[in-house]
Amino acid sequence: MNRKKMYWFLCLVLGLGFFLAACSGNSDTTAPENEEGGTEGGASGELDSEQVLNIMESAEIPTMDSALAEDAVAFDVLNNVNEGLYRLNQENIAEPAMAEGEPEVSEDGLTYTFKLRDANWSDGTPVTAQDFVFSWQRAVDPATGSPYGPYMMAGTIKNAAAIAEGSMDKAELGIEATDDKTLVVTLERPVPYFLSLMSFGTFLPQKEAFVTEKGGAYASNSDNLLYNGPFMLTNWDGTGLTWTLEKNPEYWDAETVKLQTINVDVVKDAGTGLNLYNSGDKDRTGLTGEFAMQYADDPEVIRILEPSIFYMKFNQERNGQPTVLANENIRRAISLAFNKQDLVDVVLANGSLPANYLVPTEFTFDENQEDFREVNGDMNEYNAEEAKKLWAQGMEEEGLTEVTIEYLGDDTELSKKMNEYLKAQLEGNLEGLTVSIKTVPFNVRLELDEAQDYEIQNSGWGPDYQDPMTFIDLFVTGSPQNKMGYSNPEFDALVESAKGELALDIPARWDAMAQAERILIEEDAAIAPIYQRGGMALQKPYVNDIVVHPFGGDYSYKWAYISGKQ
């Protein structure tokens, strides 16, 4: 039995979830690892005297406020400069971090008592239980406007839903500091994967006195932040294309951290990134398209299949008015009208898979070690002839012969190529359709999504924990991640039952989630899955032990080191 699968099975049976939390709100960037799914780099060796890593990122940091973070870049940096009760280790198992050990858990599975280890903030003051209370209350407070606080806590932490709705004070949240070192968390109901959530960025601590003192300037740049993790963020002005991570001398496990400096530059063009890698200016670069094919057999190539799914979001209501995408036949036609295999083979060319599903393959397994993907298999596969029939029906129902639909995508080179491919496919197969591509920076796309100001959006999602629910409940009515006017009472009821009375009935819960996925994609075509992301990168052989996570921040540099460069 695969070790990861065994851990997952035990976690479900025990109802503890000591596995993997994740990042989300993905941009369409590549986050590669090796084929074994853990650490990158060459063999261990003697450390070089200079421990400096030079890397690239494909997008700016939208925010460094853990209460407001919702994207892969922010969660990746937060994962390296801060630390919650738990952290994903080198084997991608969630283990105690700020927590000194495993919590005491009540018999009903609703109360967790954590003891905190001795640890300091970067200003030398101690991390206390109250720092967690303040941070969690702030994240769920509707006045904060956190995209993740209510989403992650409602239905999990006691009273979180009522607080997020504004009907209860944030002080009533199910979290209490009984002293500086003791944190008591009360759940709304048993949650099989609760401890894995504790490594997720929304649950990081924040020091109340510091946040209050900084006011509106908090997290606006690297000088207006505190750090309790392996590194400190420096040289970040809040909007720029470059920043640095420097070893945090106050980190409780600083002796494990070998890297002194990590220099990061935002590089959106794949060709530029490759040139910087080949010149020795950068130690790693992602590969896509023609570069992926060109370097496929290079000995410095690293590969992975990630549990991240990219899909078209169909917005059924914009500015208070129904869009043409409110028509089910229109949505179904678009979902069938593009060749996904050619997209991943020719445009992406990085090991990505066509996605005819929402929950990724090789992601979660039941008690018999069967992949969740086996339940529903593929849905809404490419079928141009069926797409044309459905399109004609939908256009007739809407009384249209021609229509222009806006397609919102990111401004990276890969995204532009993919969107042009999809435009050509859709216009070629659906008579009377014009696709107008709107290209924006990643953070602007997030803003437009939040405002529900788009028609079709190229969106993506990486899991927050290892369970199908991290994908499925995105689309319940009123979800902060829905933002597309979709609502189906039967879908909502299935999700609620899987979270409620079926929470500890593994087979029945599994079936309910599978039914919900089928309604979302096959019956309603609320979204159109495109691909499951694969990754290829070049990485210098002197770079060792970068840990790549399928959840939470993409990378941990806590254990990384340079050996053999000199």
Side-chain angles (χ1 to χ4, degrees), residues 60-71 73-85 97-99 114 116-150 152-153 157 160 163-164 166 169-173 175-183 185 200-240 243-252 254 443 553:
E60 301 87 341
I61 304 174
T63 181
M64 275 299 293
D65 185 341
S66 60
L68 300 179
E70 60 176 328
D71 68 285
V73 179
F75 282 128
D76 190 42
V77 181
L78 285 166
N79 177 59
N80 286 287
V81 301
N82 288 105
E83 192 163 86
L85 294 170
M98 286 294 104
F114 297 91
L116 301 190
R117 68 171 69 252
D118 292 332
N120 288 339
W121 290 102
S122 51
D123 65 355
T125 59
V127 178
T128 69
Q130 182 58 35
D131 296 332
F132 286 91
V133 174
F134 170 73
S135 175
W136 293 20
Q137 289 180 349
R138 181 169 176 264
V140 79
D141 186 350
T144 302
S146 170
Y148 256 86
M152 296 295 286
M153 296 186 196
I157 310 299
I163 296 167
D169 190 89
K170 64 183 179 182
E172 299 299 315
L173 186 66
I175 181 170
E176 178 186 7
T178 57
D179 58 50
D180 283 350
K181 295 292 184 181
T182 307
L183 187 69
V185 179
F200 190 75
T202 303
F203 296 98
L204 292 169
Q206 293 180 342
K207 184 178 176 181
E208 181 174 7
F210 184 85
V211 175
T212 302
E213 175 192 347
K214 296 298 181 180
Y218 174 69
S220 60
N221 55 50
S222 54
D223 294 330
N224 287 301
L225 286 163
L226 280 183
Y227 316 99
N228 72 318
F231 298 92
M232 301 178 295
L233 176 64
T234 62
N235 302 320
W236 180 62
D237 65 7
T239 60
W243 57 86
T244 304
L245 300 182
E246 295 182 2
K247 182 176 178 178
N248 180 7
E250 292 289 344
Y251 180 50
W252 70 271
N443 59 338

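Computed from a prediction, not measured in an experiment: that's the story for all the values here.
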Give every residue pair that meets the salt bridge (charged side-chain N to carboxylate O under 4.0 Å, His left out) criterion with at least one member in residues 128-140, sequence neighbours excluded. D65-R138
Residue list, ring-ring contact (aromatic ring centres under 6.0 Å, His included) with F203, at least two apart or on another chain: W136
Between [X] and [Y], which heavy-atom pair has the shortest distance, and what is it?
{"X": "L173", "Y": "M153", "answer": "CD2-SD, 4.2 Å"}
{"X": "P147", "Y": "A67", "answer": "CD-O, 3.8 Å"}
{"X": "Y227", "Y": "F231", "answer": "CB-O, 3.8 Å"}
{"X": "N80", "Y": "P230", "answer": "O-CD, 3.3 Å"}
{"X": "A254", "Y": "P249", "answer": "CB-O, 4.3 Å"}
{"X": "G553", "Y": "N79", "answer": "CA-CB, 4.0 Å"}

If you round to the nearest 0.5 Å, how far is [atom2] of [Y] from [atom1] of [X]?
{"X": "Q137", "Y": "T144", "atom1": "CD", "atom2": "OG1", "answer": "10.5 Å"}
{"X": "T125", "Y": "F210", "atom1": "OG1", "atom2": "CZ", "answer": "9.5 Å"}
{"X": "E70", "Y": "T202", "atom1": "CD", "atom2": "OG1", "answer": "10.0 Å"}
{"X": "D180", "Y": "Q130", "atom1": "CG", "atom2": "CD", "answer": "9.0 Å"}
{"X": "L233", "Y": "N82", "atom1": "CG", "atom2": "CG", "answer": "9.5 Å"}
{"X": "L183", "Y": "T178", "atom1": "CG", "atom2": "OG1", "answer": "8.0 Å"}

Test salt bridge (charged side-chain N to carboxylate O under 4.0 Å, His left out) applied to [X] - qualifying residues, sequence neighbours left out:
{"X": "D179", "value": "none"}
{"X": "K214", "value": "none"}
{"X": "K247", "value": "none"}
{"X": "E60", "value": "K268"}

Listed partners of A97 passing side-chain contact (heavy atoms from CB on, under 4.5 Å), at least two apart: E83, R87
Restricting to side-chain contact (heavy atoms from CB on, under 4.5 Å), what partner residues turn up for P150, sequence neighbours left out? S146, A164
With sequence neighbours excluded, tell me which residues meet side-chain hydrogen bond (donor to acceptor under 3.5 Å, both in side chains) with [X].
{"X": "N235", "result": "T244"}
{"X": "W236", "result": "none"}
{"X": "S220", "result": "N224"}
{"X": "N443", "result": "none"}

Close side-chain approach of T128 to L116, heavy-atom, < 4.5 Å: no
So W252 and N120, do their side chains get closer than 4.5 Å, heavy atoms only? no
Starting from the C-alpha separation in whole Å, work towards a yes-or-no answer on ring-ring contact (aromatic ring centres under 6.0 Å, His included) for F75 and F200. CA-CA 8 Å; F75 282 128; F200 190 75; 4.8 Å; yes
Apply side chain to side chain contact (heavy atoms under 4.5 Å, CB included) to I157 and V140, showing your working. CA-CA 10 Å; I157 310 299; V140 79; over 6 Å; no
With V81, the side chain to side chain contact (heavy atoms under 4.5 Å, CB included) member among M64, M232, E246: M64
Given side chain to side chain contact (heavy atoms under 4.5 Å, CB included), test W243 with V77 step by step and report yes or no. CA-CA 10 Å; W243 57 86; V77 181; 4.2 Å; yes
